[in-house]
Amino acid sequence: MKIRNPRTGIYDYNLLVDSNDVIVAKSIEIRNAQKAWNENGVEKRVATVQKWLESLKKYQNEIAEQLSIDTARKSISAVEVAGVLGVLQAWCYRAPQLLSPADERPSMSANTVMVQQQWIPYDVVGVISPWNFPLLLALIDTVPALLAGCGVLLKPSEVTPRFMDGLEKSINEVPELSKVLKVVRGGAEAGKAVVQNADAICFTGSVPTGKKIGAVCAERFIPAFLELGGKDPAVVLADADLEVATDAVLRSCVGATGQACQSLERIYVDQTIYDDFVHLITDKAEEVTLTINPEEGQMGPLIFEAQAIKIQEQIDDAVSKGAEILTGGKVETIDGGLWCRPTVLIHVDHSMKVMTEETFGPIIPIMAFSTEDEALELANDSIYGLSSSVFSTNKEKAIEIASKMEVGAVSINDGSLTNKVFDAEKNSFKESGINGSRMGDAGFLRFFRRKAMLIQTAKPETMANFEEKQ
Ligand code: NAD
C-alpha cells in the first residue's frame, strides 16, 4: 500500500501488507507459544515486559520520529512514546497485585465445599487500532493482555504505519516476547483476518467498523471489546469561570487538531454568559498557531485525507442550514498538507451534522441553553456516549449535572481528562462502545475467564439421600 505523508500530501511510504496466510501463520505461532508464556507466571511476564521497556527506550527517538511523520506532530509524538512507557510501567506494577493467589475458601452456599478460583487468559487476543494516536492505541490493550498471559496479534492502522518499524525492532530484541506478540501490517482485509484468528478482540476505531467487527465476533462466539467514536458535549453553567472554561474547551476541541475520540465537539453554554463565552473563545482560537514550520506552533495538519473531506462537508452542511463561522471555517492546502484553523461556529442546532456526527477536527460549535434540563436534553441527544465535560464553580452542582449525562466519564472543570487518567474505570455508553472498561483494574481483569475448582470435603450426597429429599 502507498501511504500518504500528512505534512506534504506525498505518498512516500510503502506498506508491505501481510497476506492472509502470513496472518494465519503468525496466529498459530502465538498460539503455540502462549501456553508456556502463561504457565511461566506473572512475575516472569513482568520481567519480560520490563526488558521490552528498556528496548523501547533504546528505540524511543526512532519511534517518535516515525510517529511524527505518521501524524505530522512532533512534540505530541514524543509525549505519546513517553506516555506508553508509563503505561508499561504502571501495568508491570499493578498486574502482579491483581493476580496474587486468593486463598482457598469455603463456599457460602454449600458449606462442605471449598472453592479455589483460577484465572484463564484468552490464548490469542487480536488488537486492532486506529490512526489518531498510533502507538498509544496499539499498546493500550496489548500490554495488559500480555501481562494477563495472553498472546497478542496486533494490527495498527494502515493510515499511520511507519512507527511499526521501530516498534517491531523493539519487540524483536526480546525473543521471549516476540513469540507471543506479533505485528500485522495491512488495512481492512488484514483486520478481518485478525478477527478470524483470535479468541478475543480489542478494537479501537469508528462506530461503523466496530459494528461490523462486533457482528463477526458474535458469529464466531468470541468477546469483542469495542472502543469507538464520540461526540463529546460540554455544558458550561452560568457560574462557570469563563477563563477556565474557554481555555479548557479550546484545548480539548483543537488539541491534536481535534483528532481524539475524547475531543469536545459540541458546546452548550448558559444563555446569560453565552456572548461573553463566544467572544472570549473566538479571541483565543484566533491566537492558535499552526505548525507549518514543524519546529514551532501549536496545531498540526489533518492526518487523514478522508477525514478532512468529512470536516469540510460538516462545515458546509452547517452553513447551508444557517450556521455562522466566527473564525477558521475551511480546510485549506498548505505545502501539500491539509489544514483547518480552529473554527468557531454559532447559530448551530441539532439538524446539522456538526452537532450530531463525529467530526474529528478542530471545530467548536456553540449553542445557548436557558435551563439545566434543556442543557441535559441537548447533551444526551446523541447516539454517542463516550465522555463529556461540565464547567461550574459549584462542584456539587457540576456533579449533579454530570451524573445525569449518558456517558462513561465526565471531566469537571476541564476537557478530555480521560486522556490523562488511566486508573478510573469507565464504560463507553450507547454506540461509543461495549464490554468491560479498558481503564482501571478492569482493563486487566477482562482478559481472563474465571474457572472454579469446587472441592468436596465431606462424603458426597448419595442417590438414596437425594431421592429421600424429593
Ligand atoms: P476505522 O474504524 O476506520 O479503522 C480502525 C482500524 O480498523 C484500522 O486498523 C482499520 O484497518 C481496521 N479495519 C477497518 N475495517 C475493518 C474490518 N472490516 N475488520 C477488521 N478491521 C478493520 O477507524 P479510524 O478512522 O482508524 O479511527 C478513527 C476512529 O477511532 C474515530 O471514530 C475515533 O473516535 C475512534 N477512536 C476511539 C477511541 C476510544 O478509545 N473510544 C480512541 C481513538 C479513536
Side-chain angles (χ1 to χ4, degrees), residues 1 3 6 15 17-18 20 23 70-71 80 126-142 153-161 163-164 183-198 201-217 219-220 222 224-232 256-265 302-311 357-361 382-388 407-409 416-419 421-422 426-439 443:
M1 289 171 107
I3 307 301
L15 177 67
V17 172
D18 285 330
N20 188 61
I23 297 167
D70 278 330
T71 62
E80 187 177 348
V127 174
I128 302 173
S129 53
W131 49 261
N132 57 321
F133 285 90
L135 178 73
L136 175 69
L137 294 169
L139 297 191
I140 197 165
D141 297 316
T142 297
L153 193 55
L154 165 65
K155 196 210 79 67
S157 170
E158 69 280 19
V159 178
T160 49
F163 81 100
M164 283 186 251
V183 178
V184 167
R185 289 175 167 76
E189 289 311 308
K192 286 180 197 169
V194 168
V195 177
Q196 288 300 334
N197 289 282
I201 292 294
C202 293
F203 171 77
T204 310
S206 64
V207 170
T209 311
K211 284 186 176 177
K212 283 185 206 159
I213 290 178
V216 179
C217 289
E219 195 66 40
R220 294 202 57 232
I222 61 169
F225 301 99
L226 306 179
E227 297 281 350
L228 311 179
K231 185 79 194 164
D232 283 8
T257 324
Q259 303 163 120
C261 57
Q262 77 286 349
S263 297
L264 287 171
E265 295 211 349
L302 298 162
I303 296 172
F304 190 28
E305 207 172 9
Q307 199 68 39
I309 294 169
K310 229 184 236 180
I311 293 167
E357 295 180 10
E358 188 177 46
T359 308
F360 233 53
S382 176
I383 60 162
Y384 297 102
L386 194 64
S387 39
S388 66
V407 297
S416 310
L417 283 178
T418 52
N419 71 357
V421 179
F422 291 171
K426 67 168 193 85
N427 290 113
S428 299
F429 287 25
K430 299 180 178 172
E431 295 195 11
S432 287
I434 196 162
N435 274 329
S437 170
R438 136 191 295 177
M439 304 300 194

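One-based numbering, in listed order, for ligands and for the atoms of each. Basis for what follows: all heavy atoms, side chains included, without hydrogens, waters or symmetry-related copies. Keep in mind that what you see is a predicted model, and the values were worked out from it rather than measured.
- Residue Phe304 places every heavy atom at 4.0 Å or more from ligand 1.
- Closest heavy-atom approach to atom 29 (C) of ligand 1 within the set Gly186, Ala215, Gly205: this belongs to Gly205.
- Here the OG1-CG distance, from Thr142 to Leu137, works out to 10.0 Å after rounding to the nearest 0.5 Å.
- For atom 12 (C) of ligand 1, the nearest protein heavy atom (residue, atom name, distance) is Ile128 CG2, 3.7 Å.
- Note: Arg185 CZ to Leu154 CG = 10.0 Å, rounded to the nearest 0.5 Å.
- The atoms of ligand 1 that sit less than 4.0 Å from any heavy atom of Cys261 are 34 (O), 36 (N), 37 (C), 38 (C), 39 (C), 40 (O), 41 (N), 42 (C), 43 (C), 44 (C).
- From Tyr384, atom OH reaches atom CD of Glu358 across 5.0 Å, with rounding to the nearest 0.5 Å.
- Comparing Tyr384, Phe203, Phe133 against atom 4 (O) of ligand 1, the shortest heavy-atom distance belongs to Phe203.
- Using a 4.0 Å cut-off to heavy atoms of Gly187, the atoms of ligand 1 that qualify are 11 (O).
- Between atom 8 (C) of ligand 1 and the options Ser129, Ala190, Pro130, the minimum heavy-atom separation is to Ser129.
- Residue Ile213 approaches ligand 1 through these ligand atoms, each under 4.0 Å from one of its heavy atoms: 19 (N), 20 (C), 21 (N).
- Atoms of ligand 1 lying under 4.0 Å from any heavy atom of Arg438, numbered from 1 in the order shown and given with element: 40 (O).
- What sits closest to atom 1 (P) of ligand 1 on the protein, heavy atoms only, is Ser206 OG, 3.6 Å.
- Short contacts between ligand 1 and Glu358, defined as distances under 4.0 Å to a heavy atom of the residue, involve ligand atoms 31 (C), 32 (O), 33 (C), 34 (O).
- When hydrogens are left out, the protein atom nearest atom 13 (N) of ligand 1 is Thr209 CG2, 3.7 Å; that is the closest non-hydrogen contact.
- Closest protein heavy atom to atom 20 (C) of ligand 1: Gly191 C, 3.3 Å.
- Asp70 contributes a side-chain N or O that, together with a main-chain N or O of Phe163, makes up a donor-acceptor pair within less than 3.5 Å.
- For atom 41 (N) of ligand 1, the nearest protein heavy atom (residue, atom name, distance) is Leu228 O, 2.7 Å.
- Ser428 places no side-chain N or O within 3.5 Å of a backbone atom of Gly433 that could act as its donor or acceptor partner.
- The backbone N or O of Glu227 lies less than 3.5 Å from no partner atom in the side chain of Arg438, so there is not a single donor-acceptor pair.
- Near Asn132, the atoms of ligand 1 lying under 4.0 angstrom from a non-hydrogen atom of the residue are 43 (C), 44 (C).
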Please tabulate, for side-chain N and O atoms in residues 126-135, each donor-acceptor pair with protein atoms closer than 3.5 Å (sequence neighbours left out).
from, atom 1, to, atom 2, distance (Å)
Asn132, ND2, Gln259, O, 3.1

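- Formation of a donor-acceptor pair under 3.5 Å by the Lys231 side chain with backbone atoms of Glu357 is found in this model.
- An N or O contact shorter than 3.5 Å links Lys155 to ligand 1 by distance.
- The number of heavy-atom neighbours closer than 6.0 Å to CD1 of Ile434, taken from other residues, nucleotides and ligands shown, is 12 or below.
- Heavy-atom contacts of Leu137 reach the following atoms of ligand 1: 42 (C), 43 (C) (cutoff under 4.0 Å).
- Looking at atom 10 (C) of ligand 1, its nearest protein heavy atom turns out to be Glu158 OE1, 3.6 Å.
- Nearest protein neighbour of atom 25 (O) of ligand 1, counting heavy atoms only, is Trp131 NE1, 2.9 Å.
- Judged purely by atom type and a 3.5 angstrom limit, Ser157 uses its side chain to pair as donor or acceptor with the backbone of Val159.
- Not a single heavy atom of Gly433 lies less than 4.0 angstrom from ligand 1.
- In this structure, NZ on Lys155 lies 10.5 Å from CD on Glu189, to the nearest 0.5 angstrom.
- Of all the atoms in ligand 1, the ones that sit under 4.0 Å from a non-hydrogen atom of Leu386 are 41 (N).
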Name the atoms and distances for all side-chain donor-acceptor pairs under 3.5 Å in residues 208-216, with sequence neighbours left out.
from, atom 1, to, atom 2, distance (Å)
Thr209, OG1, Ser206, OG, 3.0
Lys211, NZ, Glu431, OE1, 3.0
Lys211, NZ, Glu431, OE2, 3.3

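- Of the possible polar contacts, one joining the Asp232 side chain to the Ser387 backbone as a donor-acceptor pair under 3.5 Å is found.
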